[in-house]
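Contents: one structure, followed by commentary.
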Amino acid sequence: SPLGRRAGTLVAAPMRGGPGRHLRSAAPAALRRSPKHRAVVGLRDARAFLPLERWCLYCLLLARRGSPQATYPSEFRFSWCVGTRCFDHSVSAAHFQLRLGNYYTKGTRPPLKEAFFVATLPAPYQKELLWGCPGLMVLAHLLLAESRLYTHTAEEAGELVARAGAMMALPELEGPHLDGIQNAWPLAAALDRYERTAQRLDAERQAPMSVDIVLPRCREDLSWLQDRGKLEMLPDRTRIFVYEKCGELGEVPNITTRNGRRVTVVHSVLDDAADPKTGRAARRDECTAYLAHVVRHYNAGFADMTLFLHGDPSDHTPFGLLNLFLRAVAMGTLRGVDFLHLGAPRLVHTANPCQAGIFEAALGRPQKGPLSTYCCSQFAVSKPRMLSRPREEYARMLRLVDGTIPDLCDRIGPAYEAYQGARLSHCYFLEFMWHVVFGEDEELLLRADDDRLPVAFRLKDNEESLPTTWRSYLSPYIGGQLTFERQG
């Protein structure tokens, strides 16, 4: 029933104007007569994929035969229950198709979230969606395969391509369905992008990258550094610099070896300059640790990538995103990425004379437009990008935030410091401009929209979450019983 809500039930309801049934071809199984095709499709070992599986998919791509036209529902709704709790989700095949085509031709935002959702559905749901809109299932797997090349082994990425090939070899998809995948969906572009990316990254994987992790700390618990449930791995040639900001050497986990890899930990106390107003150390946040690290190690040498994090990074950066970054560094696939912000929420643009004054004092030039970036000062910078600015400029910024220079503006609340007064305005406003300090323009692109980044880091941000009744009201043809029954 299209309005049913049973545990384990998939509900696919088309938008108005779409067909209510799935057309399946009864054409002769011409492709299955080829012994080579049967052998290739039967492969499940991803290591055997590259030449043969590519041949298989291109054979399918180039196949042409006359057949009736197949049409499909535009949107699908999925309902499932866990115990007494039931959930529903919808995916638009039409929107996915449009965004995917624009991604391959124009470099615009890839529909990664939708692809992850589709490819990780329970097997019965995937099967029904494959019959309902085969192009959606096949191309979702190819997009994820490209993404996985940056963070997993080539064999794991190849397995996703092999699954796509196996789907296209199913006898149920012969005829108009296969023609639709080949001609209406960007199959050729997806295969070409995957192949070019795989070839390029094969060479880069031969030289894994090094990473320095800069951690300002004020009594935060650093046990997450050795918790594999949070931090999956650390690359070879990892150095961790812990800068104590509260005047005492706290305990740091013993992680000189982690997953068989050697890790160097450098632990020190960072004494900030005395605040002229109070006579006490002025800072308890990340600014002086970040800039002091850059100034101290400018001539001694940086790692290939430097990761600037808080002592409690998961407050503002999901460990999932952090683990993707560390995987890519370990595999050497982030060469060419100069700046990657790892904050989760996006900051609202701000513009005021105080911020403009601090911007010019820090960077030596007027601010060109509103500052737009992610929250909370956690990001990664490449060695060439850090060296693109002279050491003297970083030293000038350090003097601006270490308490040597009195506040140019009123302090920013709340008053959580160890002394009377709120946060130093200089460091607060640097949170809005770290990306400019390290070579980006005033407006930092959304990760999802930045075509300079690997596709693995272009997942759409959590921009909004509408109440269920709003979603149903705005999508009456896919909302099922939620649309009107629950609204009376």
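We number each residue from 1, following the sequence as shown.
- Atom-to-atom distance recorded for I240:CD1 and D212:CG is 10.0 Å, nearest 0.5 angstrom.
- Open room surrounds NE2 on H95; 12 or fewer heavy atoms of other groups in view lie less than 6.0 Å from it.
- A ring-ring contact (aromatic ring centres under 6.0 Å, His included) with Y290 is found for exactly one of F438, F241, F308, namely F308.
- Screening F117, F78, F76 for a ring-ring contact (aromatic ring centres under 6.0 Å, His included) with H89, the sole residue that qualifies is F117.
- With respect to the salt-bridge test (charged N to carboxylate O, under 4.0 angstrom), the residues R193 and E146 qualify.
- Counted by atom type alone, T350 and Q355 present one or more donor-acceptor pairs between their side chains at under 3.5 Å.
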task = Please step through side-chain hydrogen bond (donor to acceptor under 3.5 Å, both in side chains) for the pair E204 and T333, ending with a clear verdict.
result = CA-CA 6 Å; E204 294 184 4; T333 58; 5.9 Å; no
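- The shortest distance between side-chain heavy atoms of T373 and H341 falls below 4.5 Å.
- Judged by the 6.0 Å distance and 45° axis criteria, R346 is positioned over the aromatic ring of Y374.
- Between D304 and R237 there is a salt bridge, with a side-chain nitrogen of the basic residue lying less than 4.0 Å from a carboxylate oxygen of the acidic one.
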request  = Please test S90 against E75 for side-chain hydrogen bond (donor to acceptor under 3.5 Å, both in side chains), starting from the C-alpha separation and ending with a verdict.
outcome  = CA-CA 7 Å; S90 63; E75 300 209 13; 4.6 Å; no
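- Ion pair R99/E114 flagged as a salt bridge, since at least one NZ, NE, NH1 or NH2 atom sits closer than 4.0 Å to an Asp/Glu carboxylate oxygen.
- Under a cut-off of 6.0 angstrom, the local environment of CZ in R365 is crowded, with over 12 non-hydrogen atoms contributed by other residues, nucleotides or ligands.
- A 4.5 Å side-chain heavy-atom check between L112 and K460 finds every atom pair outside the cut-off.
- Here the shortest heavy-atom pairing between L143 and A115 reads CD2-CB, 4.0 Å.
- Interatomic distance, L445 CG to R458 CZ, rounded to the nearest 0.5 Å: 9.5 Å.
- A heavy-atom distance below 4.5 Å is found between the side chains of T306 and V214.
- Between E440 and R452 there is a salt bridge, since at least one side-chain N of the basic residue sits less than 4.0 Å from a carboxylate O of the acidic one.
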Stepwise ring pair (Phe, Tyr, Trp, His ring centres under 6.0 Å) test for F359 and F429 = CA-CA 8 Å; F359 183 99; F429 283 118; over 10 Å; no
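- Annotation for L231 and L225: closest pair CD2-O, 3.9 Å, computed over non-hydrogen atoms.
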